[in-house]
Amino acid sequence: MEQTLTYKSIDNTVLDTLTPPQRSYWVLVALLFAGILLGAGCWTYQILVGIGVGGQNNPVFWGTYLINFVFWVGIAHSGTLISAILHLFRAGWRNPIARAAETMTVFAVCTAGLFPFIHLGRVWMVYYMLPVPNQRTLWPNFQSPLMFDVVAISTYLTVSSLFWYTGMLPDLATIRDRSHGLRHKIFKVISLGWTGEWEIWRHYTRGYLFFAALATPLVISVHSVVSWDFALSVIPGWHTTIFAPYFVAGAIHSGLAMVLTLMIPLRIIFKYEAIITTHVLESVAKTIVFTGLIVGFAYATEIFIAWYSHNPVEVESFRWRAFGDYALEYWIMVTCNTIVPLLLLFKKVRTNIRILFVISLLVNVGMWYERFVIIVGSVAHDFLPHAWGLYAPSLVEFGIMIGAFCLFFFLFVLFVKHMPSVSMTEMKETLQEGESHAG
Amino acid sequence: MPADTVSIMGIFSSEQRAALAIDGLRETPWIIEQVYSPIPSHAIEHALEPPKSRVGWFTLAGGIIGFFTGFFLAAFTSLRWSLIVGGKPVVALVPFFIVGFEFTILFAVLGNVLGLISQARLPRFETPAHYDERFSGDRFGVLACCSEDEQDELTRFFETNGAEIKTNDV
Amino acid sequence: MSSAWETWHERALRMNRRTFLKIASMGSVAVAAGCSAKPEDNLFTMVRATEDMVTGKEAWYASTCRECPAGCGVLAKNREGRIIKLEGNHLHPVNLGTLCIRGQAALQGLYNPDRLWMPRLKTEDGWQEIPFEKAEALIRGKARAAANRGTGRISMVTEVVGQTQLDLFAAVLQAFNGESPIVFEPLAHEALKFAHQQIFGSPALPVLQMDRADVLVGFGADFLETWLSPVEYARKFKAMHMLSNGSKGVFVQVSPFQSLTGANADRWIGCRPGTEAAVIMGLIRTVTGDENGRNVNRNLRDALAVVTETYTPEAVARMSGVSVEDQTIVGRQLLAAKQPLVLGTGAGSAGSHAVAAELAALFLNLALNPELSLFDFNNRHRVEIADRRSTVLDAFDAMDKKSVELVLLNNVNPVFSIPGGSRIAKTLSHKKRFVVAFSNFMDETAATADLIVPVQMALETWDAYESNTAALATLQPTMGKITQAPALGDLLLNLLPPDQRPAADYQSMVTRTVLTGQDSQTATTWLKTIQKGGRFGDDRATSGSPKANLRAAATLKTYLATLPEPSDEYVLMAPPSIRFFDGRGANRPWLIETPDTLTQIPWQTTALINTDSMAADGMKDGDVVTLKTQSGEIQAPVKAYAGVFPGTVVVSAGQGHSVFGRWGSGQGVNPLAILDPSVDADAGAPSFATPLASLEKSGRSVALATTSGHRLALGRKIAPTVAIDQIGHQDSHDKPGLTMDSFPLTPPLPEGYDPKRDLYPPHDHDGYRWAMIVDMDRCIGCTACVGACYAENNIGIVGEKRILEGREMAWLQIQCYQNPADMARLTFLPMMCQHCDNAPCEAVCPVYAPHHSKEGLNNQIYNRCIGTRFCGQNCPYKVRRFNWFDWERPEPLPMQLNPNVTVRSKGVMEKCSFCIQRIKDAHNVAKNENRAIRDGEVVPACAQTCPTGALTFGSLMDKTSRVSQLIKDPRAYQVLGYVNTKPAVIYLKKVTQTV
Amino acid sequence: MSTQPSKNQENPLPLMKIFYGLTAAGFLIFITVALVGNPARAWQAYLLNFLFFSAIAQGAVLFSALMHTVKARWSGPLTDVAESFTAFFPVSLVLFVILFLGQQHIFPWLHEDLHGKEVWLNVPFMFGRDLFGLCLLYGLGLTFLYHRLYFTLKDRGASGPFGRWLLARWDQHPPDEKRLASRMTVFGILYLLAFALVLSLVGYDLVMATDPHWYSTLFGAYTFVKAVFIGFGALIVLSSILHLSSRNGYHVEKNQFHDIGKLFFAFCLVWADFFYAQFVVIWYGNIPEETAYVIERTMAAPWNVLAWTVFIGCFIAPFLILLNRRIKTMPRAMTVICLAVMAGIWLEHYLLLGPSFHHHAQYIPLGWVEAAVAVGFFGLLAAAVTIYFKQFPELLVSRQEQLID
């Protein structure tokens with residue numbers, strides 16, 4: 001496929017995606033916006049009446065809000081992973097999807113960032129969590145995992161946005177040079193007068209490398225921090241050392257799946273076949289198998305150590321996970337996250353776009369349930385039997401969840417139609433390498 | 001530069017050609033004023049052998065500052081009231097390390113951006129006259145200057161290297 | 001149990017200082033009571049602040065609890081003119097400073113939003129509010145008319161009241177040619193009284209000196225819940241049953257339904273309903289048998305021989321289902337006892353069976369202890385003045401015959417609490433008859449009246465009440481008026497023409513009662529008495545126990561004939577409950593919201609069925625069944641319960657009101673309605689048990705609003721027990737280690753830290769390290785502490801729906817763990833915030849809302865909390881409570897709110913604070929007197945009210961404090977200690993003994 | 001350690017003699033101590049070194065499998081060297097079997113009440129499963145190597161006896177190259193999986209279980225990350241030495257050194273991360289079941305000294321040094337750093353095992369016995385690798401055009 005690509009064809013393919021959209025597009029946008037309004041409505045209602053309109057209770061103080069938070073932060077991960085780590089490893093298949101992945105990251109972080117607010121009992125007091133003293137010079141508690149979150153997530157948002165924007169600069173210039181009128185003016189500004197002269201490239205390449213080098217540990221740290229929201233507690237099923245790597249792997253797992261979920265339709269709609277080749281999708285698929293195996297390994301380890309520990313609380317906690325009230329959720333999680341991805345070992349499956357798409361959806365579902373099983377399943381059944389309880393999400397929570405999904409896709413849909421959803425410059429680089437190998 | 005010099009822009013359709021031209025020019029007394037490229041080309045880099053960028057120092061500085069900022073922020077704030085939580089020491093190094101780490105990354109990145117825009121002198125508000133819009137697409141430009149009398153020679157040099165010529169008269 | 005006495009004595013002494021503080025003065029209240037104002041007026045503006053009414057400072061008034069006939073002494077805590085809390089009066093001999101949950105909830109009667117503020121007259125178009133003067137005039141008119149038309153045209157039915165009031169009633173009725181008032185009490189202990197009458201010649205209810213017994217055998221008397229004087233007997237029971245120098249008394253309960261009382265027995269033995277008497281007869285046979293060395297009075301033996309001969313162990317086993325072994329065990333215990341005491345059935349068995357059992361029980365007591373040294377015949381419970389059920393019913397039936405025109409009802413609800421109450425309703429609603437209900441609530445009976453006149457409640461009025469012969473307790477207005485209602489006494493006095501009035505006003509009558517017999521008649525004496533809350537323990541006649549009349553054996557024989565033959569038909573039992581008594585508590589949210597300790601279910605009424613028979617019938621918890629008797633049918637969800645004899649269905653009485661305010665109406669079911677309305681002919685005892693015509697599954701099933709997820713500890717060291725001979729022995733096989741079983745006690749003090757184990761350095765506390773010791777051997781699960789906690793800490797009421805959702809708010813819960821080996825063996829675990837030294841909840845909060853105070857408390861700053869709920873999540877004990885909503889408090893309930901405790905708004909986490917407001921008060925007092933806080937000076941609400949002294953609070957820094965002593969107890973352990981949170985609540989294991 | 005090609009004949013092979021010498025010396029000392037001196041100590045040293053050197057070999061081989069699986073284009077000559085460590089696999093297996101003799105001294109839990117853990121912690125089962133695991137791992141490793149060799153030797157020839165034999169075999173019945181290629185990939189992947197599982201198992205069984213009451217879910221992963229860390233270290237050391245030694249044509253590009261250096265740096269960070277991930281969780285929970293173990297090793301004397309040494313030697317120092325870009329491209333410098341790190345990890349192994357064996361030690365009981373046994377094991381490893389290169393000397397011939405597969 002790559003041979004047919006030229007600088008021009010790349011530019012044209014990408015620029016064609018920026019043509020004025022048809023009505024159907026705006027309908028979609030409108031629908032998504034309606035979804036957002038629904039979510040916003042539910043949230044307002046919750047603020048007015050009280051957090052009790054959700055399903056949380058004692059002992060399950062945390063419900064879908066935290067589940068969705070972790071879910072979206074997870075999604076947010078593979079963006080930077082693909083972009084940064086694979087950039088360091090110089091894996092060629094990264095370039096076609098890097099831009100979309102980074103975009104996904106930025107929007108996913110925004111979506112995730114909403115949930116801690118939605119989750120709060122007194123969201124109007126949220127500024128207590130900002131690092132500013134109150135009138136009696138009392139500051140937030142930096143020993144709290146939630147403060148780690150505040151620091152980590154905001155850092156992550158800043159860094160990934162900057163990374164994303166910096167990466168876009170050359171492409172913005174390209175669009176500027178191919179456009180007229182208002183769009184020209186806008187892109188003239190946002191491309192910061194990029195001229196691709198060597199003096200700029202010299203520093204740019206270097207800076208971008210450091211970006212990647214810094215983003216990589218950041219990705220890992222951020223989801224480790226998220227995992228420590230749970231692991232630093234004492235609750236059986238939460239308090240376990242494997243959580244940090246396990247969550248990171250899980251995050252990448254879900255993120256890659258989401259990349260496929262986004263890329264496959266994009267590829268068809270925008271005729272990206274030449275750029276986002278099946279080879280690229282395959283590589284993503286293979287990585288999913290890998291991450292799937294890691295989370296599988298983690299599931300197994302948890303169960304094994306719980307059994308090995310002979311600590312009655314641990315043992316019961318994990319027995320109940322697999323065979324208790326949430327057994328269904330548990331097995332959905334295991335199946336979708338570790339068993340189903342194994343299908344991708346077969347080239348036939350990998351290369352069949354439809355199946356690939358379905359599997360990517362299943363993994364997303366599985367990862368959502370993983371968070372459910374961990375967050376709800378552990379506290380519902382912890383130390384004192386008399387305090388055991390169950391939890392089921394309420395309609396309000398579902399409303400907000402729908403709103404969140406709509407918000408994410410809303411932003412993404414707006415982006416792909418107005419910004420280069422594939423990095424032209426990096427594609428050209430890939431092309432260059434391709435030639436040099438050929439020659 | 002002296003008043004009697006002219007800048008001539010050779011526009012190349014391929015990276016290699018541009019690179020060769022650059023190599024060629026560096027043998028001659030003509031000065032390469034500027035090189036334009038849609039991609040960070042290795043070939044051109046080899047040809048130009050530009051000095052190493054100093055962006056990294058900004059990044060490093062940012063990182064170091066960040067680490068201590070984060071760490072001391074955490075320590076300072078907890079010492080305002082010295083409240084004991086969970087029986088842990090008021091200044092708890094182990095968890096504060098996380099704060100320190102995140103700040104390291106944050107400040108390092110900010111330093112990096114600062115370095116980038118200061119070194120590359122971005123943003124720029126007007127594009128140079130000799131800039132060709134294709135430079136952001138599929139063309140490579142080499143701008144060299146010579147004294148007026150050598151103008152034809154340089155032009156010929158470019159053409160032999162398969163470039164199209166773009167001159168902007170001063 | 002001398003040591004037991006000491007502890008109680010100490011308690012009293014310790015409290016004395018404070019007591020005098022409390023009753024420092026009154027007087028101003030008289031003023032307050034004198035002035036009248038519109039109810040809606042804010043109290044504070046009404047009450048003139050006088051020396052004892054300092055804003056921001058509480059004043060205490062001694063009075064008497066009238067929630068049940070026991071008549072415990074209370075101290076009412078008055079802030080800015082309104083009572084915010086009731087505590088027991090330490091000088092009152094009945095309850096020595098403690099209260100039960102009903103006593104705690106009395107305030108919710110006072111401030112009940114459904115309370116009536118104005119008289120209501122029934123008209124064609126519904127109820128019409130009329131002024132009190134009009135109501136009074138109306139009654140006077142009716143009374144005059146009735147009196148003129150002839151004698152006996154006026155009758156009155158009253159609850160159990162003090163003698164002063166009773167005399168007044170009599171006088172007034174007489175003045176109008178009426179008959180003497182009927183005293184109606186749903187739980188009137190007719191059978192017991194009858195037995196006493198038969199054997200000793202008078203229907204007395206003597207006070208028992210249970211505390212001096214060493215072996216106690218009960219046959220259903222629920223003396224920890226409703227029987228005679230629960231608080232008193234709870235204390236006395238623990239006095240005999242608590243561990244003291246290595247031994248403790250024995251308590252065996254033989255009954256069809258375990259009930260809370262049986263759950264506290266060393267051994268509960270189930271028997272077929274109604275056959276208690278048979279078991280007792282078997283025991284008499286054993287005891288009076290020649291073979292054992294016990295010298296039983298020959299005449300008695302002969303008298304009984306004829307009756308007992310047929311009751312061979314096998315026969316008894318066949319009738320009652322109590323195995324021969326169990327009978328011998330109980331017999332052996334009784335024979336070995338020095339001071340045995342046998343209690344008959346409580347309410348909860350059919351009339352004649354109860355009579356038989358009570359007679360037999362008395363005879364057994366005689367056989368075991370001829371001089372009945374544990375019966376104080378000179379000191380008798382007030383409730384004995386209540387008329388037998390038969391008398392009450394006759395009175396109502398006679399109304400038509402005698403064409404009674406005016407009926408006065410004083411705070412009684414026969415329509416609800418008498419089986420077949422509908423008949424009474426019919427009588428009362430007869431159009432020719434004018435019925436006046438002196439009642440503060442619209443209940444089933446009031447609804448049938450023509451005129452409802454609210455009168456002052458116990459805490460608002462002057463009165464005197466003879467809790468028992470030895471204790472004349474006084475009542476005084478403890479607060480400014482929130483109602484214009486007159487005292488009943490005054491209202492009745494005004495009915496009489498001024499010249500015939502025995503006194504100008506009722507208060508002076510009370511004064512007279514109080515002063516009679518006192519050497520000085522001065523106002524100061526009166527004042528002192530009022531301040532103390534009554535005249536206690538005056539010297540009274542000390543005649544020995546009366547002569548037993550052995551001919552009663554014959555009566556016993558006839559009654560034994562009525563005992564039921566073994567059959568497999570279901571029997572419905574409707575025992576009164578500790579929370580609702582006869583049902584009068586059913587409109588008080590604290591009582592409804594507090595789960596029944598045995599089922600852990602609030603709000604709902606369940607039908608308890610033996611676990612095995614339920615499984616056999618293929619029923620599961622929550623299945624709704626239809627219970628049919630001759631008198632009707634009810635539907636209730638079933639709940640499996642091991643402490644029920646197979647073939648018995650237990651539906652505790654009290655709920656299921658048709659009319660009883662917003663919380664009472666339509667909540668739960670009323671089993672009384674379908675009980676057999678007939679009463680025993682001679683004894684006049686009603687039935688609280690009736691054979692079921694049928695028990696059918698309705699097919700419906702409801703969710704049970706339980707507050708307990710699971711009832712077994714699953715081998716976790718949560719509520720362990722220790723056998724009495726194992727105390728002090730290392731309970732875990734291996735040496736102190738790191739695992740759940742081997743983890744050592746780690747006090748929340750620097751010495752609790754071990755550098756080999758702890759990653760954190762120990763931290764010191766500033767002067768005090770507050771801690772609580774919970775003696776699980778003393779906890780009887782009565783939930784008085786829970787009620788006190790609700791009252792003290794302004795805890796919200798969430799309602800049935802929220803409970804089902806798992807949003808209960810109780811800071812302190814009595815959890816109940818079952819013994820997997822014997823599901824009927826229960827251990828009660830009072831669970832509240834453990835104020836850990838390494839509290840997992842603190843560190844995870846991003847805003848320091850929970851943190852560790854200098855005195856070791858786990859503080860929760862409400863206005864700092866942003867509701868991340870991380871703390872609740874990370875609390876191993878799950879004792880943190882979150883305000884999911886703003887909880888409703890309809891007016892005038894907010895008047896009860898404790899001004900020293902924040903009322904939490906939605907979105908905020910809360911939990912037990914060790915009553916920090918009381919600690920602060922103690923700090924202020926100590927500071928003013930410039931000394932340290934004394935041990936025992938700070939008493940949290942729960943510890944203060946506990947009738948058995950199971951909770952002890954103090955500072956661990958003070959090495960001489962009681963907590964510091966108790967923590968050395970070999971029974972001491974910490975729940976989940978191995979998690980290393982170093983809880984400041986240390987539990988003492990429950991002591992079991994095999995019987 | 002260096003090895004030399006059998007190309008230049010005039011050179012006798014002193015190296016082999018040296019290595020055999022070291023081996024012999026080490027094991028003589030071990031046997032003497034084990035028999036007459038202090039058997040416990042000898043066997044514990046044996047266990048320590050077995051774990052350490054096996055991990056090196058396993059980790060180094062992982063490099064080749066990994067590079068092949070991710071189709072990395074830069075690894076070039078490094079993979080050849082990485083594969084040479086397979087030579088230690090058979091040796092390691094034998095060493096493990098020998099370990100069986102010392103069971104009394106290396107399994108403290110044999111003398112404790114385990115409250116039901118016997119189901120898992122009993123010698124036959126443990127040896128059974130670990131032996132099986134190692135066989136599986138090594139089997140897969142060797143099979144992978146076999147396929148690799150086919151392609152390597154095909155276009156580079158083989159003069160060593162074993163190499164010749166292989167080539168001859170393939171000439172007789174040439175295998176289907178496509179199938180071979182794909183099977184190679186499969187075995188590469190399988191090796192990666194087995195690596196993770198088996199090393200976790202070994203970590204749990206032979207290290208974590210020495211304190212049968214302590215557990216940490218991450219410990220298995222921690223073990224194999226550590227193995228990768230030192231494996232890559234060894235790889236760098238060996239290839240640098242070969243690169244520097246004038247006596248062969250082996251040559252590694254600057255950027256290749258840079259890349260492997262970056263990988264090593266990365267795993268330095270991962271190792272630290274995995275350590276911290278366990279430490280912070282246990283620190284924050286403060287649950288004695290977990291803390292006691294950590295406190296004894298990191299905070300209480302005498303072991304805390306060792307802990308700090310390890311931490312500085314394996315993380316702080318390398319981290320600060322390797323931040324610098326140029327240093328990664330200097331074979332000499334990298335050799336020193338890697339050796340230091342490996343020494344550090346060796347101590348770390350000792351830190352994990354020591355306290356379980358020596359309760360309430362007043363001083364760190366680290367001495368010549370451990371050192372001697374280490375020397376012995378080193379000799380074995382070196383010898384094995386040398387033999388490997390004697391079989392395939394072509395691997396050390398410089399190759400300009402680097403093959404990519």
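These numbers come from a predicted model, not from an experiment. Below, chains carry the letters A, B, ... as their sequence lines are ordered, and counting in each starts from 1.
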Please list every donor-acceptor pair closer than 3.5 Å that links chain D with chain B, giving the two atom names and the distance for each.
residue	atom	partner	partner atom	Å
D/Tyr276	OH	B/Val94	O	2.6
D/Tyr284	O	B/Lys88	NZ	3.3

Can you name the salt bridge (Lys or Arg N to Asp or Glu O under 4.0 Å) partners of D/Glu348, sequence neighbours left out?
D/Lys226

Sequence neighbours left out, what passes side-chain contact (heavy atoms from CB on, under 4.5 Å) with D/Ala196? Give chain and number order.
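Partners of D/Ala196 by the side-chain contact (heavy atoms from CB on, under 4.5 Å) criterion, ordered by chain and then number, come out as D/Phe224.
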
Check side-chain contact (heavy atoms from CB on, under 4.5 Å) between D/Pro355 and all other residues, then give those that pass, not counting sequence neighbours.
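Testing D/Pro355 for side-chain contact (heavy atoms from CB on, under 4.5 Å), a comparison that skips the adjacent residues, returns D/Glu296, D/Arg297, D/Trp303.
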
